Undergrad: 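Here it is: the structure, laid out below.
Keep in mind that this is a model prediction, so the values were computed, not measured.
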Amino acid sequence: MLILFGRRIGRASGLVAVAASTAAGVIALPLAWRVLDTPEAATLTWSFEWLRWGDQTMRMGVLVDPPAALLLFVVTVTGTLIQVYSTGYMAGHPRYSRFFAYVSLFMAGMLGLVVADNLLLLFVSWEIMGLCSYFLIGFFFEKPSAAAAGLKAFITTRIGDVGLMLGMILLWWTAGTLRFEELAAFMAGHPVATGALTAAALLIFVGTIGKSAQFPLHVWLPDAMEGPTPVSALIHAATMVAAGVYLVARTFMLFQALPVACSAVAWVGGITALMAACIAPAQTDIKRVLAYSTISQLGYMVMALGVGAYAAGLFHLMTHAFFKALLFLGAGAVIHGFHHVQDMRQMGGLRRKMPVTFATMAIATLAIAGVPPLAGFWSKDEILLSAYHASRPLWVLGTVTAGLTAFYMFRLLLMTFFGEQRDKHIHAHESPAVMTIPLVILAVFAALAGLPGSPWMGMWLQRALHVPWLHPHEVEPSRFVMGLSVLVAGAGIGAAALMYGPRPVISPARLAERFAPVHRASLNKFYFDELYLAAVVNPAKRLAAALWRTDQRLVDGAVNGAGLSAWLSAKAQGLFDKWVVDGLVNLAGAIVHAASAVTRRAQTGLVENYMLMAATGVLALAYFTWWNTG
């Protein structure tokens, strides 16, 4: 509706989008509660026959089981709050209605992905989100950087999508089904890993690497900051990047039976978490810091699924959605109130001018840093506990990442809100209520959303997320792991306070100068863009140029040569036809014409002329006879 009539209804587009999202929540939340609150009957399903060929059938439908119910809750709540916020943030923009049309389609794609009962329908929704991400990241297409970022995101994620599509084909060939319930039954009857199933799982995971920005296809996500800030919140928190993690969780019945695939998932997640956490501390753009934070937290989720902590991975996906949406919307409020400046080096002292934004972002920062008892503490520590029992190296990666996360997030908070404002020419102000109210609601979730998965509530969420095909995964609690996690987070916060607090003890500039190679590598994002430019983009351009020259000189040359030969042959045939064939015909006509001109003179119509000619003929005949006889 917004696509067709959005321009006509103008400002009402935002209200329509919010109403549609709210309606989706009103329908989805009771279903989600029913499924999560009754794990013994925790599946709602409906399907219909979509395609039949021979004795094979393909069914399409919806499946609302515990993981789908959790995502329905997360997507509808965060998505609706982000759209409410967007009505204020995008107010006055000339493409206001188009923005909400794209966002609504994005939400529809994510909801379709969540409730799909098979990989094919999931893939269709997956591609809808990919298209919308291209539209939204490049929404300010008049800026070359935004247009390039949209294209980069689209192409990079398509690499992962090709892997996912190939994995689906291989899985269909191996298991004969793409429906999740039938796939669970198939895996229960085939507990031994095979090469085909392992290859299918790894190819499906390639889709996650692209969509959830895991190493080495993570490069598109920081550039996605070129889109409007509510888009960043939507992509980084509630929808697109969460889809890749959800894909692994949705096909976990496949991964949990394949040790090689699980190991690959865990290590890709662990490496991604640490790599992004090492890049974030050197960034100065407030949204880019949050972008690398998202990549790192997604790495946590993927690592959790790789070590078998299915519930912990989904638990962190939920808590992260709330505090990361809050962080991005808070950053958007800062940018909105600071006249669209995103460089933290120009900020400072904004807590007095933006008290609501500061308070809510402080809660989100404490949550993502893993400070108890906020949401991020419970979900992150459960992941670290699972990694501790499964793989000590991965646990070390996760623990170091936790310390770095606390450091760079408090660096962001201190540089933005404490001290004195460094750019005195900008008059900062708080955002309107339509933007701050969603911040307050998200702050409540960022503080409390971890409690259902905490020991204080008997790990209710983990029990609610149980599905019949899931192998038991229980680990012994460890005070050492929890205590070290809190200690590391405290160390990160303390280091940030020493370097970026109102009275810094350590000079960040001197520290960067002392460790210049490390700082340059972090500042330049470990040169991944340059590496891809040198190893992929430039060779592809050179190959394209060579193919273009081949096309111009050989293919087009051959075509043009054939055309020239045909033209010359036709020209020669035309000349031959004109001068030889037509010449002979015209010569014969000329001879006949000349002869007829002579004979015509003899046809005078006078009797005396005819008698003279007859007499002449008789005399000539007589002379001829005499000559021959004599």
Side-chain angles (χ1 to χ4, degrees), residues 126-127 129-167 169-170 199 202-227 235 240-241 244 264 267-268 271-272 275-276 278-279 282-283 285 288 291-292 295 516-565:
W126 180 282
E127 291 301 304
M129 286 199 301
L131 177 64
C132 291
S133 71
Y134 171 66
F135 290 152
L136 289 168
I137 293 170
F139 188 76
F140 300 131
F141 53 80
E142 59 273 8
K143 291 171 54 182
S145 58
L151 188 61
K152 183 178 182 179
F154 190 76
I155 293 174
T156 306
T157 54
R158 292 293 76 72
I159 296 171
D161 295 354
V162 170
L164 173 57
M165 185 170 62
L166 293 175
I169 294 171
L170 185 56
L202 291 174
L203 286 169
I204 289 171
F205 181 58
V206 171
T208 295
I209 291 175
K211 193 71 84 178
S212 288
Q214 298 296 284
F215 170 84
L217 298 180
H218 64 281
V219 292
W220 68 269
L221 195 58
D223 290 351
M225 297 301 97
E226 292 289 343
I235 290 176
M240 185 168 169
V241 294
W267 277 102
V268 167
I271 292 169
T272 302
M275 174 206 66
C278 290
I279 294 174
Q283 305 305 308
D285 184 310
R288 283 190 177 271
Y292 281 105
I295 296 173
V518 176
H519 179 261
R520 279 197 304 270
S522 177
L523 183 64
N524 290 284
K525 303 163 285 188
F526 293 151
Y527 301 99
F528 275 103
D529 285 334
E530 290 78 4
L531 177 63
Y532 279 127
L533 194 66
V536 179
V537 177
N538 287 339
K541 287 182 176 179
R542 288 194 290 270
L543 177 61
L547 292 173
W548 182 83
R549 287 193 296 270
T550 301
D551 182 69
Q552 289 288 305
R553 296 175 184 177
L554 294 181
V555 179
D556 286 358
V559 172
N560 294 337
L564 180 60
S565 299

Undergrad: Measuring only between side-chain heavy atoms, which start at C-beta, is I295 closer than 4.5 Å to P222?
TA: yes
Undergrad: Report all side-chain donor-acceptor pairs from residues 538-555 shorter than 3.5 Å, counting only partners two or more places apart or in another chain.
TA:
{"unit_1": "N538", "atom_1": "ND2", "unit_2": "L533", "atom_2": "O", "d": "3.2"}
{"unit_1": "T550", "atom_1": "OG1", "unit_2": "A546", "atom_2": "O", "d": "2.8"}
{"unit_1": "Q552", "atom_1": "NE2", "unit_2": "D556", "atom_2": "OD2", "d": "3.4"}

Undergrad: Say you draw a straight line from CE of M165 to CG of L203; how long is it, rounded to the nearest 0.5 Å?
TA: 11.0 Å
Undergrad: Mind listing the closest non-hydrogen atom pair of Q283 and Y292 along with its distance?
TA: CG-CD1, 4.1 Å
Undergrad: Using distance only, find each side-chain donor-acceptor pair of residues 516-524 under 3.5 Å and give its atom names and separation, not counting sequence neighbours.
TA:
{"unit_1": "S522", "atom_1": "OG", "unit_2": "C278", "atom_2": "O", "d": "2.7"}
{"unit_1": "S522", "atom_1": "OG", "unit_2": "I279", "atom_2": "O", "d": "3.2"}
{"unit_1": "N524", "atom_1": "ND2", "unit_2": "R520", "atom_2": "O", "d": "2.8"}

Undergrad: Atom CZ in F215, atom CD1 in I209: separation rounded to 0.5 Å?
TA: 9.5 Å
Undergrad: Anything under 3.5 Å between a donor and an acceptor, one on a side chain of residues 153-162, the other on a protein residue two or more places apart or in another chain? List them.
TA:
{"unit_1": "T156", "atom_1": "OG1", "unit_2": "K152", "atom_2": "O", "d": "2.7"}
{"unit_1": "T157", "atom_1": "OG1", "unit_2": "A153", "atom_2": "O", "d": "2.7"}
{"unit_1": "T157", "atom_1": "OG1", "unit_2": "F154", "atom_2": "O", "d": "3.2"}
{"unit_1": "R158", "atom_1": "NE", "unit_2": "D161", "atom_2": "OD2", "d": "2.9"}
{"unit_1": "R158", "atom_1": "NH1", "unit_2": "F154", "atom_2": "O", "d": "3.2"}
{"unit_1": "R158", "atom_1": "NH2", "unit_2": "D161", "atom_2": "OD2", "d": "2.4"}
{"unit_1": "D161", "atom_1": "OD1", "unit_2": "W126", "atom_2": "NE1", "d": "2.6"}

Undergrad: With heavy-atom distances below 4.5 Å as the criterion, would you say the side chains of K525 and E530 are in contact?
TA: no
Undergrad: Could you pull out the closest heavy-atom pair between G163 and V206, with the gap in Å?
TA: CA-CG1, 4.1 Å
Undergrad: On a heavy-atom basis, which atom in L217 and which in Y532 lie closest, and how many Å separate them?
TA: N-OH, 4.3 Å
Undergrad: Atom CZ in F135, atom OG in S133: separation rounded to 0.5 Å?
TA: 9.5 Å
Undergrad: If you round to the nearest 0.5 Å, how far is CD1 of I137 from CE of M240?
TA: 6.0 Å
Undergrad: Return the minimal non-hydrogen interatomic distance between Q214 and T208, and the atom names on each side.
TA: CG-O, 4.3 Å
Undergrad: About how many Å separate NE2 of H218 and OG1 of T272, when rounded to the nearest 0.5 Å?
TA: 8.0 Å
Undergrad: Looking at K211 and G244, what are the two nearest heavy atoms and their distance?
TA: CG-N, 4.1 Å
Undergrad: Rounded to the nearest 0.5 Å, how far does CH2 of W220 lie from CG of L151?
TA: 13.5 Å
